[in-house]
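Note sheet for the following structure.
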2 protein chains.
Amino acid sequence: MRSKEGGTTTSKQDKRVGKIRRSEQTRRRILDAAALWLNKKGLAETSLQDLADEVGLQTASLYYHFPSKDALIEEVLHKGIEIVYEDVRRALDALEPSASYRERVRVAIAAHLSSLLEHGDYTSANIRNFPLVPENLREKNLSIRRQYGDYWRQLLQDAQKAGEVAPNVDLSLVRLFLVGAMNWSTEWFNPRKKSIDAIADMICSMIFDGIGPKEQRPSDGGQKRVTRR
Amino acid sequence: MRSKEGGTTTSKQDKRVGKIRRSEQTRRRILDAAALWLNKKGLAETSLQDLADEVGLQTASLYYHFPSKDALIEEVLHKGIEIVYEDVRRALDALEPSASYRERVRVAIAAHLSSLLEHGDYTSANIRNFPLVPENLREKNLSIRRQYGDYWRQLLQDAQKAGEVAPNVDLSLVRLFLVGAMNWSTEWFNPRKKSIDAIADMICSMIFDGIGPKEQRPSDGGQKRVTRR
DNA sequence: GTCTATACTGAGATAGAC
DNA sequence: GTCTATCTCAGTATAGAC
């Protein structure tokens, strides 16, 4: 589910909880529209006019809720990472403490993919636009991005310490490779072909076991199986 | 509107080979500038003014060489895929016919990464901009992209047929995953940290052998490979 | 809070001189 | 081939009425 009204906006002195401030709702609808357009068309092709149309306002009205287009975009981008981060963390927190690291990684992959591909447009808006977004819009995002990266780094380190990842493996590369591959999935994902869970399963197997033949290879094609999970 | 100036520019009746047509050269410099800017700033932040400045012309002069901005961009994008495709194909063609498929994949990975990260801006301009580029600019690129995708598909299929990839592996996912991860490398690659060859080696190991603990894995049975573990 | 009206800017593009 | 000059339009943003 989404991050609900809470997150960073509940503050203040809710003077009318019953009717819920319409202002907040409109603000939210503008953000949603922006996430939608950023995801579908990209920053270059997203004008305030587009957003206003989507929400049913005039462009000038947007300025009541946001001081500038940049501020609006920045907020969408921030929510994007915030949401994946939270989704992944929550998924891992929900696991049994006894869960293997392999299982943890699998769940993390599934959660990241799900956040990116199924749960609204914020995350994918961020992932897709960030690489080419102007400097000034990127800055505020860097800190939380680093945190999320660290979270994965830690997960993989723990897995290696626990002996579930070979000791000589370069975790840094694994992380960049894995996260990169997942982030690129917005370009090819098709829910009618394969479910996210199925994809996460397969990616996890690929990463841990590799795609090479699972057999001993006495240089002549012997056939002793090395069973491993 | 467009009508390509000829496959790769040699067409027509070279009236002066000695001095080499300056027009062609200028045209090329404009394309180079566009690739550079697309790669660094993205389509949204690349104006004809920027390109003209880069080349040392007035914006109006660009229209002598290209009928429109779109046409110019389309050509850069096209060259982008054309170049990777050719780089990868050439690298594989240069291999001994006896080369293992694992080696072929390794070489293909290295070639793709090299084309993307080292060899000029065209390829990375394409990869980075394509996802969010407007529909009309994308169309002309789809066909060659599909061809390139098929090339990888074929490579992996052959590898599987030859028994170097486990029979139950979903090649489609492997391809999307692998190519996606490589394409995302523009976001993190740092030549001072790791060479492309080293990265290609590690990715290849990761993909074929996995990162899980190796109980007793003979890995490459008789391959001529640099020991790297 | 949202509207209408409008200022201001920068972009792509064309015409015609040289 | 490249220039100067100019057109047109879309985009962000502001002012002030309601």
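Chain naming here is simple, since letters A, B, ... match the order of the sequence lines and numbering starts at 1 in each.
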Please state how far atom NZ in B:Lys41 lies from atom P in C:dG10, giving the value in whole angstrom units. 16 Å
Provide, to the nearest angstrom, the distance between the CG atom belonging to A:Leu51 and the P atom belonging to D:dA10. 17 Å
Once the angle between the rings of B:His112 and B:Tyr148 is folded into 0 to 90°, is it parallel (under 30°), tilted (30 to 60°) or perpendicular (over 60°)? parallel
What pairs with B:Ala91 under side-chain contact (heavy atoms from CB on, under 4.5 Å), at least two apart in sequence or on another chain? B:Val107, B:Ala111
Between side-chain atoms of residues 127-136 of chain B and protein atoms elsewhere (two or more places apart, or another chain), which donor-acceptor pairs fall under 3.5 Å?
from	atom 1	to	atom 2	distance (Å)
B:Arg128	NE	B:Glu187	OE2	3.4
B:Arg128	NH1	B:Asn39	O	2.7
B:Arg128	NH2	A:Pro131	O	3.1
B:Arg128	NH2	B:Glu187	OE2	3.4
B:Asn129	OD1	B:Leu43	N	3.0
B:Asn129	ND2	B:Leu38	O	2.9
B:Asn129	ND2	B:Ala125	O	2.8
B:Asn136	ND2	B:Asp70	OD2	3.1

In terms of heavy-atom contacts, does NZ of B:Lys194 have more than 12 from other residues, nucleotides or ligands at under 6.0 Å? yes
Output the rounded distance in Å from NZ (B:Lys69) to P (D:dA10). 16 Å
For C:dA11 and B:Gln49 - does any side-chain N or O of the residue sit under 4.0 Å from the phosphate oxygens OP1/OP2? no
In terms of side-chain heavy atoms of A:Ser47, which of C:dG12, D:dG1, D:dG11 is nearest? D:dG11
Can you list, in residue-number order, the parts of residues 61-68 of chain A that come under 4.0 Å of DNA chain C, counting heavy atoms only? A:Ser61, A:Tyr64, A:His65
For A:Asp150, what residues pass the side-chain contact (heavy atoms from CB on, under 4.5 Å) criterion, not counting sequence neighbours? A:Arg153
What's the closest nucleotide to the A:Ala60 side chain, out of C:dG1, C:dG12, D:dA15? D:dA15
Show me the donor-acceptor pairs within less than 3.5 Å that the side chains of residues 53-66 of chain A make with the rest of the protein, sequence neighbours left out.
from	atom 1	to	atom 2	distance (Å)
A:Asp53	OD1	A:Gln49	NE2	2.9
A:Glu54	OE1	A:Trp37	NE1	2.8
A:Ser61	OG	A:Gln58	O	3.4

Roughly, in whole Å, what's the span from CZ in B:Arg22 to P in D:dT2? 7 Å
Whole angstrom value for the distance that separates P of C:dA11 from CD of A:Glu45: 15 Å
Atom CD of B:Gln25 and atom C1' of D:dT2: how far apart are they, to the nearest Å? 16 Å
Between D:dA13, C:dA13, C:dC3, spot the one nearest the side chain of B:Leu48, thanks. C:dA13
Does B:Ser114 have any side-chain contact (heavy atoms from CB on, under 4.5 Å) partners at least two apart in sequence or in another chain, and if so, which? B:Glu118, B:His119, B:Ile196
Measure from the side-chain heavy atoms of B:Thr26 and tell me the nearest of C:dG12, D:dT2, D:dA5. D:dT2
Return the value, rounded to whole Å, for the distance between atom CG of B:Leu57 and atom C1' of D:dG1. 9 Å
CD of A:Gln58 versus P of D:dG16: gap in Å, rounded? 19 Å
